[in-house]
Number of protein chains: 2
Amino acid sequence: MTERVRGGSMREVARIAGVSVSTVANVLSRPAIVAADTRRRVELAIDAVGYVPNGPARQLRGLPSLLVGSVTLDLANPFYAEVNRGIEDGLAPAGCLLLAGSTDLRPDKEEQLLHLLEQQGVRGIVIAPAGTDASPLLRLNARGIPVVLLDHPRERLDLCAVAVDDALGGRLAAEHLIGLGHRRIAFLGGAVDPAPVLRRREGVRAALAAAGLELLDIRVRIHPPSLLDAAAAAVDRILAASPRPTAVVCLNDTAALGLLDGLQAAGVRVPADISVIGYDDLPIARRLAPPLTTVSQPNYELGQVAAELLLDEGRPGHTHREIRFAPNLVVRASTGPPAHIDELR
Amino acid sequence: MTERVRGGSMREVARIAGVSVSTVANVLSRPAIVAADTRRRVELAIDAVGYVPNGPARQLRGLPSLLVGSVTLDLANPFYAEVNRGIEDGLAPAGCLLLAGSTDLRPDKEEQLLHLLEQQGVRGIVIAPAGTDASPLLRLNARGIPVVLLDHPRERLDLCAVAVDDALGGRLAAEHLIGLGHRRIAFLGGAVDPAPVLRRREGVRAALAAAGLELLDIRVRIHPPSLLDAAAAAVDRILAASPRPTAVVCLNDTAALGLLDGLQAAGVRVPADISVIGYDDLPIARRLAPPLTTVSQPNYELGQVAAELLLDEGRPGHTHREIRFAPNLVVRASTGPPAHIDELR
DNA sequence: TTGAAAGCGCTAACAA
DNA sequence: TTGTTAGCGCTTTCAA
């Protein structure tokens, strides 16, 4: 049993068509320049051997790669999954493929991933950085591999970036609650948070400070077993806090869902006793009981725009730039005035 | 501004270290064979020029590719996102990277994706087929590209496969309801469903038939705007059906969530008036109100095992095989006996 | 309009 | 222990 590995090469096509490899190459890349008759013979031969162009060989010759890397926290996370889908679709017009990897927020995994992507000769990399040190990214960029920052502010870096104003998102949530009359507000976060969550927390803190209030900072260990359960288990600490908060801003919708569930189990009414705000506006948010007030951001578009920026890096007059999206407060039924608003007046 | 594109090549390293390229190659692949002193000089040079191996060149020389393709319905779908994460992790020990694409259940997109992956010279492809025709997959396999079927039974195909017994999953759901006393049972599916959902529906139908019952088949248009809303909107049709069902098996948890919400809005109690079963056991399932009875499957492991099978294809004594997972009924509070069970006796 | 030839970066067989 | 050499499949001058 002869295992014909891969489709035939250009040489085989040339042999069958009775022409040289360069003529086959011409048929493929500038058909107009080849005599109609020859072209026909070559096309027949291409079908006959089931010719498939060899990407690596093309790349070795210096043609642009069709591979684009995506480096995120976790491609199973619904947020990054949507972002990746956005990247995939943004890449499609250029015929590029998505090489996706997860860092689990570990700088060592990130570094290794970047290394592998560089070896593959990717056309560029979209990354939601796990580490705080941007120098590996600048190094990649200096070596000619375009890097686009995702869900991350550009600051003074000489790179393209797609960012959401996370601090504003936090501020919107806090101001909504302050406007409702809340004075004791908690932020439910993880023991170790990715940068966007840190910025949300600081946004909340800043808004509270501007109103002369202090943030109650509650941290849960996320990993074992799950954010959902960790958030539900945080209820005790929230209720025990003194002064007890009348509102909780959660790091994301998943945490909010867990918290909602834990509060319900504890017999605490939402929003009558405690208001809850999520972040992300996952599809389920509006179907929860009560429908969740949350801050939305354009997940899919984030990825799509990142892909477009990346593809643009190859074009002549490209200059690095940052595209900034604004988060959006979506008020539903999980927030309301605090119970004893009168006595706060 | 001289843009030094990519890191230095092996030749540059060789030049700096004052040795030949093959010595550099030796340092990299069989360091033991190189004199300690020479090796040192080469290693220094490698650092000096920031050498990064060129993957495509290696591949052109015939070394195995580090790229593995994953072709699914939609990488933003939580189920496939988890599967992809499983593949990624299953690939990691071999240092392979995940090239992920979505078909949106369209055979033309699938074909194009497979084509691109073949061009890239991937080491293999894990695929949840969109089309019903397996011949393109067999063709790929014949060309030396291992193909592993995902979430798809192997049947008589000469390929590796990782499958879940979807018909059994449907049967478990149906038998649970029949055991509770239900006689009028509906399946809530999409207008066009992927194969696994079709098999679930047939499993339900078969279990009902075995009990002398007939399936009430309800289809909703999924795409615009969302499954969640489509399911919620299906409530009218479910309530209007005659005879009106006392239980609904949903194509997945998302649909169940939408349905739960629609039922609640319509003032129908779950499970007192209607029982609801989901499928997938998403993390949110146990946090819904009421906690959702559903059928679970090992999403992450599916991907992980698929990756392992794929990697095994490269090894000497490999024979194609199928790994089959059993779905699992998870009984929670969204199912119970029908209201008028007495009159059914 | 077609073909010959060089070379991208690397590996491996072989020679020195 | 190290170097020379051929060649993987392709693109791209340049010459015929």
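To find a chain, count down the sequence lines: A is the first, B the second, and so on, and within it residues start at 1. Every value quoted in this text rests on a predicted model; they were computed, and no experiment measured them.
- For the pair A:Thr23 and C:dT2, the criterion of a side-chain N or O lying under 4.0 Å from OP1 or OP2 is not met.
- Between the P atom of D:dC10 and the CD atom of A:Gln59 lies a distance of 14 Å, rounded to the nearest Å.
- Within 4.0 Å of B:Pro56, counting heavy atoms only, lies no atom of the nucleic acid at all.
- Within the structure, a side-chain polar atom (N or O) of B:Arg11 is placed less than 4.0 Å from OP1 or OP2 of C:dC8.
- Considering only side-chain N and O atoms, B:Ser22 lies nowhere under 4.0 angstrom from the phosphate OP1 or OP2 of D:dG3.
- Using a 4.0 Å heavy-atom cutoff across all strands shown, B:Val34 reaches sugar-phosphate atoms only and no base atom.
- Taking atom CG on A:Leu60 and atom P on D:dT11, their separation rounds to 11 Å, with Å as the unit.
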Quiz item: Under the side chain to side chain donor-acceptor pair (under 3.5 Å) criterion, do A:Asp133 and A:Ser135 qualify, and how do the steps go?
Solution: CA-CA 6 Å; A:Asp133 178 17; A:Ser135 61; 2.9 Å; yes
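- In this structure, A:Arg39 places its CZ atom 14 Å from C1' of C:dT2, rounding to the nearest Å.
- When the nearest nucleotides of DNA chain D are assigned to A:Ala25 and B:Gly18 by heavy-atom distance, the more 5′-ward of the two goes with B:Gly18.
- In this structure, B:Arg58 does not reach the C:dG9 phosphate: none of its side-chain N or O atoms is under 4.0 Å from OP1 or OP2.
- Nearest-nucleotide assignment on DNA chain D puts the 5′-proximal partner with B:Val21, out of A:Ala57 and B:Val21.
- Note: CZ (A:Arg15) to P (C:dG3) measures 15 Å, nearest angstrom.
- Using a cut-off of 4.0 Å between Lys/Arg side-chain N and Asp/Glu carboxylate O, A:Asp37 and A:Arg40 are scored as not salt-bridged.
- The residue A:Arg61 sits close to a base: some heavy atom pair falls under 4.0 Å.
- When every heavy atom of A:Tyr80 is checked against every heavy atom of A:Asp74, the shortest pair comes out as CB-O, 3.5 Å.
- Rounding to whole angstrom units, CG of residue B:Leu28 and P of C:dC10 are separated by 9 Å.
- Between A:Ile33 atom CD1 and D:dT12 atom C1' there is a gap of 12 Å when expressed in whole angstrom units.
- Checking each of B:Asn84, B:Leu75, B:Ile127, B:Val148 against B:Ser70 for a side-chain contact (heavy atoms from CB on, under 4.5 Å) leaves exactly one that passes, namely B:Asn84.
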